[in-house]
Number of protein chains: 2
Amino acid sequence: MEDMQLSERKRQILLNAVEDYIQQASPITSSVIQHKCAKNLSTATLRNELNALEAMGYLKQLHTSGGRVPTSKGYRFYVDSMMADIPLDKNVLSEIHALFNRRTIYLEDMVNEIASVISKATNYPTVVMLKGFEKLTIRNIKIIPLLTGQALILIETNSGIISNSMETDASIPQQSYIDASNLLTQTLKDCTVADMIKNIKSHKDEMSRKVEEFSGIFDIVIKSLTSLIDKLSQGDNITAKGELKLLNNPEYSDPESAKKVLEVLSNPEEIKEVLSEDSADVSFKIGAEIPVEELQGLTIAKADYQVDGESIASIGIIGPQRMDYAKIASALKFVAGEGINLKALTHKKEAKNEQKQAQKQKTRK
Amino acid sequence: MEDMQLSERKRQILLNAVEDYIQQASPITSSVIQHKCAKNLSTATLRNELNALEAMGYLKQLHTSGGRVPTSKGYRFYVDSMMADIPLDKNVLSEIHALFNRRTIYLEDMVNEIASVISKATNYPTVVMLKGFEKLTIRNIKIIPLLTGQALILIETNSGIISNSMETDASIPQQSYIDASNLLTQTLKDCTVADMIKNIKSHKDEMSRKVEEFSGIFDIVIKSLTSLIDKLSQGDNITAKGELKLLNNPEYSDPESAKKVLEVLSNPEEIKEVLSEDSADVSFKIGAEIPVEELQGLTIAKADYQVDGESIASIGIIGPQRMDYAKIASALKFVAGEGINLKALTHKKEAKNEQKQAQKQKTRK
DNA sequence: TGTTAGCACTCTTATTCCTTGATTGCCAAA
DNA sequence: TTTGGCAATCAAGGAATAAGAGTGCTAACA
């Protein structure tokens, strides 16, 4: 009974019901459906249909006389049917594009920047987690001595700069830093961050012979880079932005219910698990699909930010199950680098092409 | 009548009343005072006293029969009397000290770091604004060419590094960057960030002659540094952390009232004015003293973060008027660099000295 | 003159009861 | 299969009531 195929009419009713609830946040009644998409049917008929959908687990009643509300299964059905043909929301896309001008060239700042942009564009709290940074390829390494006795290591990768400080020794001559930088660049060029330390170690003796005066520098470098990688892979690399936007949703007008969720958001460790899962495209975790108890009532939308085909960061948008799936899918598609649309929006010259393509897509429907 | 001197008994009653209200968040009644600090007086007597304090404007009644609550004037009295002898809260101090290990050497990240630390330690939303960065003195300048065609300018100051990227030209030889860096350092050493651009301009021709091959580099440098200073002085340099902690206070259990304030916090431009004011030590703006309408019901505590005697950043802690003034004053004193305690906590060897000093202070009372 | 006991008064808060209105479920007829 | 009709259900809101906490005032007391 549960899994029997829905009739086209039931399908339409269910999709409209969920859509209406997402927009209005008030329970779906037979007459709402009638006005929205079934003017030629009576409310009694629709009541029968709603009753059937309830029996199948797509809807549920909060009170005997209070209309119905989608279940997680109902949302899931809606999302799956929508994802087959995501209606890209032009407004959201151009808003993101306007905001997304990567002012920073530091990889670590990127996490904040993406989170801010997505949160602003979607109006939902957004969590971004740096991951897969080990897959970045190294282009150039510079060690820059500072006057404080420290030095800065800058690693230029194919997506931004990673930097860390290291303790040094005032007696080290400038030339040693330059030698070491050049040797490191030669050795590590085009290898991944993951292999970085291994490669330094295996070439350490060879490199040390070539460094003028202070050959112990590579030990310090290894120490600093180890701590850098620790820092990047642990905790510090996850940020939430726009947490307060959760309060815009009527389901969280009660501060107590909001607080539980905000608690999790302010310490996003628990979401890591959800964001860590690999998923090529935009995906949704709805209600019970989320393995965190405090977030059962929510939906987490997720996508990966890609550079050269590798996932560099995971982006999660968090909201009530009754969230604006279309808008969010649009936003995530953008950042996940959906080829055509990203490029089209990036180069204004191609804007017209893009419109043509969009029209083609429409006609294809 | 209003400004007449308070009797010692009235003073005690008022201070205890405010303190109790800060802790309990429920209106002060005659019997509460009796239990707290006047076991030998009857409630009727205390009612007379409370009545008098109300007439003087220190307290007010919300309802005829609901106990009394401090007015802004009442809080002001409490704070002024407390600030004369700030009871440093050891727990808060050691917590801040544990958190405050300035991992970053970038000036701009410092703003975030301080805000996080203070907010965590005090449990109130904290806003930090970078200011007076122009007074930092320059120690060293490095231009670092990147493979992307950009270059990074690093300015080492007496308090951290400021950096910005600049567009360059792939044809520029390495040596030009080194020459330019050295010349800039020679020219700008020990001058302030404020004078930086002026000094570059006045030495530009002279420096240009000394740079191998590509002498136009200083025009690019000037352009980049101008935009850097713009960035630092405009908007971007103010951050709020721990906004959600506002919800911990019962006065904001109603989400509507909380929202107004959170709105301001999420876009802290309006607080700039408050934070901009110079104030040597820890200061408080209570209620109507705040020139922002949405924040009338609140208190903003403020202090400056000092480096070499100059105010580099302003720190504001925001909470209801009924906030924990002692804890907050402690925290701000720490960051504002109250000599003894800062150093004492920094060097564990001196911990014993500090205890002795604390005892001396006690005996002085 | 300052302090206290006593008592009436005020006002909030919680509880209860009632009404209203929206919505459903079901049944019988089309 | 659809529909009209009708009773049943329940949330939301309002009015009335009761309970409780605290004050103000007055008169007596030290």
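Note that the structure is a prediction, hence the values are computed from the model and not measured.
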Subject >> Which nucleotide in D:dG24, C:dC11, D:dT2 has an atom nearest any side-chain atom of A:Arg9 >> reply: D:dT2
**OP:** Could you check how far CD of B:Gln34 sits from P of D:dA21, rounded to whole Å?
**Re:** 16 Å
Subject >> Rounded distance (Å) that lies between atom C1' of C:dT4 and atom CG of B:Asn40 >> reply: 13 Å
Subject >> Donor-acceptor side-chain pairing of B:Ser266 and B:Glu243 below 3.5 angstrom >> reply: no
Original post:
For D:dT26, does OP1 or OP2 lie under 4.0 Å from any side-chain N or O of B:Arg47?
Top reply: no
Original post:
Are any of B:Ser65's side-chain N or O atoms less than 4.0 Å away from OP1 or OP2 of C:dT12?
Top reply: no
**OP:** Would you kindly give the CG-to-P distance between A:Leu46 and C:dT23, to the nearest whole Å?
**Re:** 14 Å
**OP:** Select base, sugar-phosphate, or nothing to describe what A:Asn51 touches, counting heavy atoms under 4.0 Å on all strands.
**Re:** sugar-phosphate
Original post:
Which pair of heavy atoms, one from B:Ile96 and one from B:Val117, lies closest together, and at what distance?
Top reply: CG2-CG1, 3.9 Å
**OP:** Look at the side-chain N and O atoms of B:Gln61 and state whether any lies under 4.0 Å from the OP1 or OP2 oxygen of C:dC11.
**Re:** no
**OP:** Between B:His63 and B:Thr43, just flag the one whose closest nucleotide in DNA chain C comes earlier from the 5' side.
**Re:** B:Thr43
Original post:
Cut-off 3.5 Å, side chains only: do A:Ser72 and A:Glu289 have a donor facing an acceptor?
Top reply: no
Subject >> Short side-chain donor-acceptor distance under 3.5 Å, A:Ser42 and A:Thr45 >> reply: yes
Original post:
What nucleotide, of D:dT23, C:dT23, D:dT9, holds the atom closest to the side chain of B:Ser30?
Top reply: D:dT23
Subject >> For atom CG of A:Leu50 and atom C1' of C:dT23, their distance in whole Å >> reply: 11 Å
Original post:
Nearest-Å distance, CD1 (A:Ile28) to P (C:dT24)?
Top reply: 10 Å
Original post:
How are the rings of A:Tyr325 and A:Tyr75 set to each other: parallel, tilted or perpendicular (split at 30° and 60°)?
Top reply: tilted
Original post:
Do the side-chain N or O atoms of A:Ser42 get closer than 4.0 angstrom to the phosphate oxygens (OP1, OP2) of D:dT3?
Top reply: yes
**OP:** Please work out if A:Thr29 contacts a base, only the sugar-phosphate, or nothing of the nucleic acid, heavy-atom cut-off 4.0 Å.
**Re:** sugar-phosphate
**OP:** Could you please name the option among D:dG24, C:dT4, D:dT3 that lies closest to any side-chain atom of B:Glu54?
**Re:** D:dG24
Subject >> Interatomic distance, A:Arg68 CZ vs D:dT9 C1' [rounded to whole Å] >> reply: 13 Å
Subject >> Residue closer to the 5' end of DNA chain D, A:Thr45 versus B:Gly66 (nearest nucleotide) >> reply: A:Thr45
Original post:
Which part of the nucleic acid does B:Thr64 contact within heavy-atom distance under 4.0 Å: base, sugar-phosphate only, or nothing?
Top reply: sugar-phosphate
Subject >> Interatomic distance where CG belongs to A:Asn48 and P belongs to C:dC27 [whole Å] >> reply: 12 Å
Original post:
Which whole-number value in Å describes the distance from A:His35 NE2 to C:dA22 P?
Top reply: 12 Å
